[in-house]
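A quick write-up on the structure given underneath.
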Amino acid sequence: MLKARIAVLVSGGGTNLQALIDSQSRGDLKSGEIVLVVSNVQGAYALERAKNAGIESLYLSRKALGGQEAFEEALDRELRSRGVELIILAGFMSILTAGFTKKWPERIINIHPALIPSFCGKGYYGLRVHEAALAYGVKVTGATVHFVNEIPDGGRIISQKAVPVLEGDTPEVLQRRVMEQAEWILLPQAAETVSQKIIKERGKMSDLFSYLSQRPYPGRGIMLGRTPSGRSACVYFIMGRSVNSRNRVFEKTPDGIRTRAFDESKMSDPSLIIYHPVRRYEGKLIVTNGDQTDTIRDFMAQGKCYRHALNTRTFEPDAPNFTPRISGVVKPDGNYNLSILKSLDGDESETCRYFYEYSPAKAGVGHFISTYVGFGDPIPSFRGEPVQVQVPELGAAELAEKVWNALDEDNKVSLYVCVGEDEVIINKNKE
Ligand code: GAR
């Protein structure tokens, strides 16, 4: 089982971070793994605790980065590049804006040292919370773990624990009691519960390899996604039934790949089967099953988007199948789009255009779309939304091997796989 990848955000002493580290060492926090600690305060002792535990740590300065927006962008980049799936705020004394929290729905948890909705929200942090509780004269306080949304301390509550306020308490004494009796227990427990939920959600996704091995003829297929550590992954394959279609290989070009006839003497009609499935343009990766790759690239060169380009195209004119045109674009930040242009139940006069946006692209998740769903006359087009699949932490060569083995032996023709910067091509036809 691949553990949920956790980042802990801190600003101070880091006793809650220590509670998480200890819980991980004891084996109580077993479904998640702390892979990164980020502090917004230089020299915070929490960074020392991370170092002692052998956990990677970072200091990000809002001031040096040029403000909150730039800070949140840098933070998001650091987290996604490491495939973080769960963010834990453990004494993180800064409010994250909606711009950030919206990108991580139910993926950020916070520990607050009071029983929410008491003594919470803007201005209530650290010792101030306990000062306010003592000033009010409450006899019971405690701690709350909750999901973080755009309202400070306003997200859904996960767990709470009450702690008594005793005669003669100072804010420091009360803070210590709340930590010992509530925070250090609740936070690791919540980290385990949410990590389990993340793993369970992964389990609901299809496995691309079994999906493909159960389907002898998906035709052409595109999978775009991200590995658990945050590398972009792209798969494109072609399958064929006719001699003409099977007589192809993928070969590298300066900006991507193209299809080429394996045996020129056997090529009867190059239209629709000779094209550039992959082209890179200004940091974007365009992948399609036809010459719409070039249309998209040309529109981008004019400052227009891929949707605009595909609105000028239709499905393929290969009656009676009217094969869909499937396309995908991976942006430099790893977010991606998929599209399918189909005929409406074989009606030649109408193109249905579907566009799907995966932003932010999640670590360990991909989406697959193909031209067909199986055999038939006409061959039935792909239906429904792209299939959500798990993307394992594999290099390009290993991923290519697994996809290649899953594709039907007779029908598969060529495969292209790219993970991060690494590209692999497999051709059935060999010189
Ligand atoms: C803890 O009491 C935590 O609940 C609180 O700050 C302290 C940090 O201690 N967090 C907030 O007030 C957030 N609004 P630590 O650095 O030793 O974990």
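Position 1 is the first residue of the sequence, and the numbers go up from there. Counting starts at 1 for both ligands and their atoms, in listed order.
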Top protein contact for atom 9 (O) of ligand 1, by heavy-atom distance
Met179 CE, 3.4 Å
For atom 8 (C) of ligand 1, the closest protein heavy atom turns out to be Gly91 CA, 3.5 Å
Is there a polar contact, in the sense of an N or O pair closer than 3.5 Å, between Leu17 and ligand 1?
no
Those residues at least two apart in sequence (or on a different chain) that pass side chain to side chain contact (heavy atoms under 4.5 Å, CB included) with Gln214 are Ser210
Polar-atom distance check: Asn16 versus ligand 1, any N or O pair below 3.5 Å?
yes
Heavy-atom contacts with Glu183 under 4.0 Å: which atoms of ligand 1 show up? List them by number with element.
1 (C), 2 (O), 3 (C), 4 (O)
Tyr125 heavy atoms within 4.0 Å reach ligand 1 at atoms 12 (O), 14 (N)
How far is atom 12 (O) of ligand 1 from the closest protein heavy atom, and which atom is that?
Gly126 N, 2.8 Å
Give a yes/no verdict on whether any heavy atom in Ile111 is under 4.0 Å from an atom of ligand 1.
yes
Option among Tyr336, Tyr211, Tyr236 that satisfies the ring pair (Phe, Tyr, Trp, His ring centres under 6.0 Å) test with Phe368:
Tyr211
Arg176 with Asp169: basic N within carboxylate O range, under 4.0 Å
no
Do the side chains of Lys197 and Glu106 get close enough for a salt bridge, i.e. N-O under 4.0 angstrom?
yes
Any ion pair linking Arg220 and Glu316 (charged N to carboxylate O, less than 4.0 Å)?
no
Counting non-hydrogen protein atoms only, what is the nearest one to atom 14 (N) of ligand 1? Give residue, atom name and distance.
His112 ND1, 3.7 Å
If you have a sec, work out which protein heavy atom is nearest atom 16 (O) of ligand 1 and how many Å separate them, to one decimal?
Gly14 N, 2.8 Å
Got the closest protein heavy atom to atom 6 (O) of ligand 1, with its distance?
Met93 CE, 3.0 Å
Please output the side-chain donor-acceptor pairs of residues 127-141 that fall under 3.5 Å, not counting sequence neighbours, one pair per line with the distance.
unit_1	atom_1	unit_2	atom_2	d
Arg128	NH2	Tyr125	OH	3.2

Aromatic ring proximity, centroids under 6.0 angstrom, His367 and Tyr356
no
Do the side chain of Arg49 and the main chain of Ile21 share a donor and acceptor less than 3.5 angstrom apart?
no
